[in-house]
Amino acid sequence: MCKGLAALPATCLKSAKDMKYRLGFFLQRSESCDYNSSQGKKEKISSSQRVSQEEVRKWADSLENLIHNDRGLAAFHAFLKSEYSEENIEFWVSCEDYKKTKSPAKLSPKARKIYDEFISVQATKQVNLDSCTWEKTSHNILEPTLSCFDEAQRKIFTLMQKDSYRRFLKSPYYLDLVGPPSTGCGSENSKRSHTRTLDCNSNVISQCA
């Protein structure tokens with residue numbers, strides 16, 4: 001019968017325990033190195049995606065500068081979402097995407113989708129259009145062209161320019177990014193929060209489109 005570990009000499013048992021300890025220590029050290037390496041890569045990626053002060057200041061020059069910049073668009077969308085009015089920028093982005101349609105066969109279904117989502121009386125994200133613009137746009141999609149949403153898009157752009165854009169420039173979504181760097185836990189947390197907001201700009205844009 002096998003007598004198990006009790007039959008082994010004490011020196012053998014000690015050597016086995018030493019080997020087990022060394023192996024465990026090596027594995028822990030290896031995992032720690034892998035973790036630190038991955039964290040370093042994440043920090044580099046995050047750092048490379050941060051928006052520059054010069055870039056942020058240009059956003060205050062015009063709404064065009066803001067929403068034609070991917071990071072600016074992401075920040076503005078986040079601000080509008082906090083005000084429950086993100087449908088305006090999402091409609092604008094959808095119109096921009098629509099105007100890039102190359103296949104005539106795709107115009108009608110894409111136009112109908114935009115109309116159903118943002119313009120029709122049953123729209124889930126209805127934008128605020130005057131009756132004249134609403135009627136003209138509704139008529140346009142019967143025979144859609146690349147310009148059938150142009151007037152409605154201009155109306156919504158003007159609405160954002162006169163209203164929400166001005167509030168955005170006075171909000172923490174903008175001021176925390178354009179302000180001078182400071183050394184405090186609060187400011188550091190704020191930077192991290194807004195960095196996360198801007199880092200997801202690709203997801204925001206794809207959802208808008």
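Counting from 1, the numbers follow the sequence of the chain as shown.
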J.: Report the distance from atom CZ of Phe157 to atom NZ of Lys162, rounding to the nearest 0.5 Å.
T.: 11.5 Å
J.: In terms of ring plane angle, is the pair Trp59 and Phe168 parallel, tilted or perpendicular, where the classes change at 30° and 60°?
T.: tilted
J.: If you measure from SG on Cys148 to CD1 on Ile114, what distance do you get to the nearest 0.5 Å?
T.: 7.5 Å
J.: For Thr101 and Lys110, test the side chains for any donor-to-acceptor distance below 3.5 angstrom and give the result as yes or no.
T.: yes
J.: For Lys136, does the NZ atom sit with more than 12 other heavy atoms under 6.0 Å from it, leaving out its own atoms?
T.: no
J.: Are there over 12 heavy-atom neighbours, none belonging to Asn128, within less than 6.0 Å of that residue's CG?
T.: no
J.: Would you confirm whether the ring centroid of Phe149 sits within less than 6.0 angstrom of the ring centroid of Tyr98?
T.: yes
J.: Are any of the side-chain nitrogens in Glu83 or Arg167 under 4.0 Å away from the carboxylate oxygens of its partner?
T.: yes
J.: Indicate the atoms forming the closest heavy-atom contact of Tyr173 with Ala75, along with that distance.
T.: CD2-O, 4.2 Å
J.: Measure the spacing between OG1 of Thr133 and CD of Glu151 and express it to the nearest 0.5 Å.
T.: 4.5 Å
J.: Is the backbone of Ser94 close enough, under 3.5 Å, to the side chain of Gln153 for a donor and an acceptor to pair up by distance?
T.: no
J.: So, taking the atom named SG in Cys95 and the one named CG in Asp150, what distance separates them when rounded to the nearest 0.5 Å?
T.: 8.0 Å
J.: Restricting to non-hydrogen atoms, name the atom on Val178 and the atom on Gln53 that form the minimum distance, rounded to 0.1 Å.
T.: O-OE1, 3.0 Å
J.: Tell me if a side-chain donor or acceptor on His68 pairs with a main-chain N or O of Glu64 at a distance below 3.5 Å.
T.: yes
J.: Could you tell me the separation between the CD atom of Glu55 and the CG atom of Leu66, rounded to the nearest 0.5 Å?
T.: 10.5 Å
J.: Go through it in stages, so that I can follow the logic: the residues are Glu87 and Gln126, the test is side chain to side chain contact (heavy atoms under 4.5 Å, CB included), and I'd like the CA-CA distance, side-chain angles, deciding distance and then a yes or no.
T.: CA-CA 7 Å; Glu87 69 276 359; Gln126 190 179 47; over 6 Å; no
J.: Between Leu142 and His139, is a side chain to side chain contact (heavy atoms under 4.5 Å, CB included) present by the stated rule, with each step listed?
T.: CA-CA 6 Å; Leu142 297 177; His139 177 75; 3.9 Å; yes
J.: Under the 3.5 angstrom rule, does the side chain of Ser62 hit a backbone N or O of Asn65 as a donor-acceptor pair?
T.: yes
J.: Working to the nearest 0.5 Å, report the span between CD1 of Ile67 and CD of Gln161.
T.: 9.0 Å
J.: For the residue pair Thr137 and Tyr115, confirm or rule out a side-chain donor-acceptor distance under 3.5 Å.
T.: no
J.: Give me the atom names and distance for the closest heavy-atom approach of Phe76 to Ser164.
T.: CZ-OG, 3.7 Å
J.: When you measure from the side chain of Thr158 to the backbone of Arg154, do you find a donor-acceptor pair of N or O atoms at a distance under 3.5 Å?
T.: yes
J.: State, with a plain yes or no, whether a side-chain heavy atom of Leu107 is found less than 4.5 Å away from one of Leu146.
T.: yes
J.: Checking Leu73 against Val93 for the side chain to side chain contact (heavy atoms under 4.5 Å, CB included) test, could you report, in this order, the C-alpha distance in whole Å, the side-chain angles of both residues, the deciding distance, and whether it holds?
T.: CA-CA 9 Å; Leu73 178 61; Val93 171; 4.1 Å; yes
J.: Trp92 side chain to Ile156 main-chain N or O, any donor-acceptor pair under 3.5 Å?
T.: no
J.: Determine, stepwise, if the pair Glu90 / Leu80 fulfils side chain to side chain contact (heavy atoms under 4.5 Å, CB included).
T.: CA-CA 10 Å; Glu90 289 178 7; Leu80 291 179; over 6 Å; no
J.: Looking at every heavy atom in both Pro144 and Ser108, which two are closest together, and how far apart are they?
T.: CG-CA, 3.7 Å
J.: Examine Val121 and Ile141 and state if one hydrophobic cluster contains both, with Ile, Leu, Val, Met, Phe, Trp and Tyr joined whenever side-chain heavy atoms are less than 4.5 Å apart.
T.: yes
J.: What closest approach, in Å, do Phe118 and Lys125 show between heavy atoms, and which atom pair accounts for it?
T.: CD2-O, 3.3 Å
